Chemist: 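Right, I'll just put the structure down here and ask away after.
Counting begins at 1 with the first residue of the sequence. Whatever order the structure lists them in is the order used to number ligands and atoms, beginning at 1. Fair warning: this is a prediction, and the values are worked out from it, not measured in the lab. What you see below is based on every heavy atom in this structure, not just the backbone, and it leaves out hydrogens, waters and symmetry mates.
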Amino acid sequence: MPQAPNYKAELVGVFGHPVAENPTIVLQEAAFRALDLNWRYLTIEVYPQDLADAVRGLRAFNMQGINLTIPHKVAVLEHLDAIADDASLIGAVNTVRRDGDKLIGENTDGKGFLRSLREDARLDPSGKRVVVLGAGGAARAITVELALAGASELTVVNRSPERGTTLVDLLNEKTATSARFVSWKDTYAVPDATDVLVNATSIGLFPNVTEKPDIDYDTIRSNMTVCDVIPNPPHTPFLQEAEARGATTLDGLGMLVYQGAIGFKLWTGRDAPVEVMRRALAEAFGL
Ligand code: NDP
């Protein structure tokens, strides 16, 4: 029997402000094309005072889900029907999926980092001692997922003590890891007993491409895995210094691709074509 035509695309996207430079459309649209899915990813400017209306619009348009970026990742919590346990610990949602008529909040940033660590750097974080520079949104997501994945020690190094201690208290109270805070006043020396070092600050992000975190780079050892969350440009001065000391390095492009791949699976139920997404993003970044 001939099939009835279906001209309706399924809709997902991102709410943010400013949002024009958010690159997620590039990897999601590439994935939809590769799997021949009639889905569209919309990059939508939503001002802070309009978030509640935007979420109502998401429901009214029967959209399949949405990503949240600055400044909506925390504010969206009160507009959702349920929050995944890890997103609730992180205190922020970057992906909303639909379950029937319910909107469920998830956080794929830390999971994306973990998948990149496992698949690109071939490192299982269980039992590992990790130092994280930064205590903002990315650092919260990464440290919570590392703790849930069994990292034994987490050191949070941050300029503002309030953010740093709040994160460390959360990790110690709600997870089985042992976390401590180091105030970042002077050049930071990485302890010898470190397996993984992560830059989760915004230092080095385009257009400030020559900046690097203030650490003593000679304390990086060749047996460490050194990771950066900065996706653009991915080959940061921080990673170049680590490479020069023989460390294994992991750039922020993988984290960005995998957080999108996890979102793609939550929305479509299909495994994401990760290499297609990675190539599309690299091309968009002119790599
Ligand atoms: P936030 O603004 O929440 O946090 C920024 C962090 O960087 C804070 O810990 C801040 O310290 C620290 N910081 C900024 N400038 C300096 C400085 N000059 N010296 C010392 N510390 C500094 O940002 P996010 O956590 O949301 O984002 C951080 C980075 O992560 C961004 O570059 C973003 O692009 C990247 N990211 C990458 C993702 C990926 O998929 N690859 C996903 C999500 C984010 P303080 O608390 O003292 O202000």
Chemist: Please list the nearest protein heavy atom to atom 38 (C) of ligand 1 with its residue and the distance rounded to 0.1 Å.
Modeler: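 Result for atom 38 (C) of ligand 1: Met255 CE, 3.7 Å.
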
Chemist: If you measure from the Lys or Arg side-chain nitrogens to the Asp or Glu carboxylate oxygens, is any gap between Arg278 and Asp120 under 4.0 Å?
Modeler: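 Result for this pair is yes, salt bridge flagged.
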
Chemist: Please identify which atoms of ligand 1 are closer than 4.0 Å to at least one heavy atom of Ala138.
Modeler: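 The list of qualifying atoms is 24 (P), 25 (O), 26 (O), 30 (O), 44 (C).
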
Chemist: Going by distance only, is there an N or O of Leu256 that falls short of 3.5 Å from an N or O of ligand 1?
Modeler: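 So ligand 1 has an N or O lying under 3.5 Å from an N or O of Leu256.
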
Chemist: How close does the nearest protein non-hydrogen atom get to atom 4 (O) of ligand 1, and which residue and atom is it?
Modeler: Gly136 CA, 3.4 Å

Chemist: Counting only nitrogen or oxygen atoms and a 3.5 angstrom limit, does Val229 reach ligand 1?
Modeler: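 Yes, at least one N or O pair falls under 3.5 Å.
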
Chemist: Nearest non-hydrogen contact with atom 23 (O) of ligand 1 belongs to which option: Gly137, Cys227, Ala135?
Modeler: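 Closest candidate by heavy-atom distance is Gly137.
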
Chemist: Quick one, Met224 and Thr248 - any side-chain contact, counting heavy atoms below 4.5 Å?
Modeler: no

Chemist: Would you mind listing the cluster partners of Tyr7? Hydrophobic ones only (ILVMFWY), side-chain contacts under 4.5 Å, chaining allowed.
Modeler: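 Tyr7 clusters with nothing; isolated.
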
Chemist: Residues sharing Leu77's hydrophobic cluster, by side-chain heavy-atom contacts under 4.5 Å among ILVMFWY, directly or via others?
Modeler: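 Direct or chained contacts put Leu77 with Leu11, Phe15, Leu42, Ile44, Val46, Leu51, Val55, Leu58, Phe61, Met63, Ile66, Leu68, Val74, Val76, Leu80, Ile83, Val93, Val96, Leu103.
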
Chemist: Which ligand 1 atoms are under 4.0 Å away from a heavy-atom of Gly134?
Modeler: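 Within the 4.0 Å cut-off of Gly134, ligand 1 contributes 9 (O).
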
Chemist: To check your reading of the model: name the closest protein heavy atom to atom 18 (N) of ligand 1, its residue, and the distance in Å.
Modeler: Arg159 NH1, 3.5 Å

Chemist: Backbone N or O of Val131 within a donor-acceptor pair of the Thr155 side chain at under 3.5 Å?
Modeler: no

Chemist: What residue and atom, counting heavy atoms only, is the protein's closest point to atom 6 (C) of ligand 1, and at what distance?
Modeler: Thr201 CA, 4.0 Å

Chemist: Taking NZ, NE, NH1 and NH2 as the nitrogens, is one of them in Asp101 or Arg59 under 4.0 Å from a carboxylate oxygen of the other?
Modeler: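 A salt bridge is absent here (no side-chain N lies under 4.0 Å from a carboxylate O).
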
Chemist: Give a yes or no on whether Leu250 and Val130 share a hydrophobic cluster (residues Ile, Leu, Val, Met, Phe, Trp, Tyr; joining criterion: side-chain heavy atoms under 4.5 Å apart).
Modeler: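 Yes, one cluster joins them.
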
Chemist: What residue and atom, counting heavy atoms only, is the protein's closest point to atom 47 (O) of ligand 1, and at what distance?
Modeler: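 The closest heavy atom on the protein side is Ser160 N, 2.8 Å.
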
Chemist: For atom 5 (C) of ligand 1, grab the closest protein heavy atom and report residue, atom and distance to one decimal in Å.
Modeler: Ser202 OG, 4.1 Å

Chemist: Charged N to carboxylate O under 4.0 angstrom, Glu275 versus Arg279?
Modeler: no

Chemist: Do side-chain atoms of Thr143 reach the backbone of Ala139 as a donor and acceptor pair under 3.5 angstrom?
Modeler: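 Yes: the side chain of Thr143 pairs with the backbone of Ala139.
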
Chemist: Is Leu154 close to Leu146 at the side-chain level, that is, under 4.5 Å between some pair of heavy atoms?
Modeler: yes

Chemist: Any heavy-atom pair between the side chains of Trp39 and Gln64 that's under 4.5 Å?
Modeler: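 Touching, per the 4.5 Å side-chain cut-off.
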
Chemist: Would you check the N or O atoms of Lys73, main chain and side chain alike, for any that come under 3.5 Å of an N or O of ligand 1?
Modeler: no

Chemist: What is the closest protein heavy atom to atom 33 (C) of ligand 1, and at what distance does it sit?
Modeler: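 For atom 33 (C) of ligand 1, the nearest protein heavy atom is Leu205 CD2, 4.7 Å.
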
Chemist: In the protein, what heavy atom is nearest to atom 11 (O) of ligand 1, and what distance, to one decimal place, separates them?
Modeler: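 It is Asn158 OD1, 3.4 Å.
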
Chemist: Taking only heavy atoms of Gly252, which atoms of ligand 1 are found under 4.0 Å from at least one of them?
Modeler: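 That gives atoms 41 (N) of ligand 1.
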
Chemist: Below 3.5 Å, N or O to N or O, backbone or side chain included: is there any such pair between Arg163 and ligand 1?
Modeler: yes

Chemist: Pull out every atom of ligand 1 sitting under 4.0 Å from any heavy atom of Ile230, numbered as shown with elements.
Modeler: 32 (O)

Chemist: Determine the interplanar angle of the Phe238 and Tyr217 rings, folded into 0 to 90°, and report it as parallel if under 30°, tilted if 30 to 60°, perpendicular if over 60°.
Modeler: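 Because their plane-to-plane angle is over 60°, the rings of Phe238 and Tyr217 count as perpendicular.
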
Chemist: Backbone, side chain, both or neither: what part of Asp214 comes under 4.0 angstrom of ligand 1, heavy atoms only?
Modeler: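 For Asp214, no heavy atom sits under 4.0 Å from ligand 1.
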
Chemist: From atom 29 (C) of ligand 1, is the closest protein heavy-atom distance below 4.0 Å?
Modeler: yes

